[in-house]
Amino acid sequence: MAQQLALAPRVIGHAPPGFAPTTAAGLDVAYEGNTGRLAAAAVCVDIATGEVVDQAVILDQTDFPYIPGLFAYRELPSLLKALAALTTTPDLLVCDGQGRAHPRRFGLASHAGLETGIPSIGVGKNALGEFTTPAPERGSWTPLTDDGEVIGRTLRTQDGVKPLFVSVGHRIDLDTATNLVLTLCRKYRQPETTRAADHLCREALKGG
DNA sequence: GCGACAG
DNA sequence: ATCTTGTCGC
């Protein structure tokens, strides 16, 4: 927790000048029961078309348990290995979990962004913090707050589906993050990046 | 002290 | 996250 508090101030909440990402990498991990065995995947897609342009998956082991607030210490090491296995460097990272929407404003997405220097976004299916339900139409959103501070937003990615929680990871702003997530959610609730990474690591865990 | 608690 | 049958809806 002390390390998170020390690193949080280094997070940049705005995009680089002229930021116009063409590729985005989805990151996800699949676990094998209670053993520490896991598969971590990184799938890079063309943001304009949604097509997969690069992908990598690695088998790994972890001994760090799942602890709310310390999620990155369990998944990030393996995710970085998967990222390093890509043949290209993505322009954006889409993480499964929170970025700034974290007790110490330093969730997995922020940690991943700071470690790699790549702009990143946090996309969670659940969140800590307070919020009201957004309108049922795709694209509608409401702020996600904590202690009166806006730490992210709920985002309806398709008509009538449960909202996702978007927050700044690193080197991006909330509006840009929201628009990119919406663009990546072409036909389903989750971004194509997340869907592809999820599928890949699950298959790898079975086979390997 | 009690409940809640990203994946 | 993972386990796990039936069931609702397009």
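Labels below follow one simple rule: chain letters A, B, ... track the order of the sequence lines, proteins then strands, and each chain is numbered from 1.
- Looking at DNA chain C, no stem turns up: there is no run of 3 or more consecutive Watson-Crick or G-U wobble pairs with key distances under 3.5 Å.
- In this structure A/Gln190 satisfies the side-chain contact (heavy atoms from CB on, under 4.5 Å) test together with A/Lys125, A/Leu164, A/Thr194, A/Arg195, sequence neighbours excluded.
- Every residue two or more places apart in sequence or in another chain that forms a side-chain contact (heavy atoms from CB on, under 4.5 Å) with A/Asn126 is listed here: A/Lys162.
- Here A/Tyr31 pairs with nothing under the ring-ring contact (aromatic ring centres under 6.0 Å, His included) rule; sequence neighbours left out.
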*asked:* Across nucleotides 3-10 of chain C, 5' to 3', mark each nucleotide with B, S or - according to how protein heavy atoms within less than 4.0 Å reach it.
replied: --------
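- Using a 4.0 Å heavy-atom cutoff across all strands shown, A/Ala101 reaches no nucleic acid atom at all.
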Distance-only donor-acceptor pairs under 3.5 Å for side chains of residues 66-73 of chain A, two or more places apart:
| unit_1 | atom_1 | unit_2 | atom_2 | d |
| --- | --- | --- | --- | --- |
| A/Tyr73 | OH | A/Gln3 | OE1 | 2.6 |

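- For the pair A/Arg74 CZ and C/dA1 C1', the computed distance is 7 Å after rounding to whole Å.
- Annotated stems with DNA chain B as a participant are lacking; only runs of 3 or more Watson-Crick or G-U pairs under 3.5 Å would qualify.
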Show me the side-chain donor-acceptor pairs of residues 76-83 of chain A shorter than 3.5 Å, one per line, residues at least two apart or across chains.
| unit_1 | atom_1 | unit_2 | atom_2 | d |
| --- | --- | --- | --- | --- |
| A/Ser78 | OG | A/Asp60 | OD2 | 2.8 |
| A/Lys81 | NZ | A/Asp60 | OD1 | 3.3 |
| A/Lys81 | NZ | A/Asp60 | OD2 | 2.9 |

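- Contacts between chain A and DNA chain B, taken as any atom within less than 4.0 angstrom of a protein heavy atom, begin and end at B/dC5 to B/dG7.
- Here A/Leu38 lies out of heavy-atom contact (under 4.0 Å) with every strand.
- Within residues 122-158 of chain A, the residues approached by DNA chain B to less than 4.0 Å at the level of any non-hydrogen atom are A/Gly124, A/Lys125, A/Asn126, A/Leu128, in residue-number order.
- The residues A/Arg105 and A/Glu149 are annotated as salt-bridged, a charged nitrogen and a carboxylate oxygen being separated by less than 4.0 angstrom.
- Looking at residues 161-188 of chain A, you'll see that no heavy atom sits under 4.0 Å from any atom of DNA chain B.
- The closest donor-acceptor contact from the side chain of A/Arg100 to the backbone of A/Ala8 lies at 3.5 Å or more, if one exists at all.
- Every residue meeting the side-chain contact (heavy atoms from CB on, under 4.5 Å) condition with A/Ala101, not counting sequence neighbours, appears here in chain and number order: A/Gln98, A/Leu144, A/Ile151, A/Ser167.
- Between A/Cys201 and the choices A/Asp28, A/Leu38, A/Leu59, the side chain to side chain contact (heavy atoms under 4.5 Å, CB included) rule is met once, by A/Asp28.
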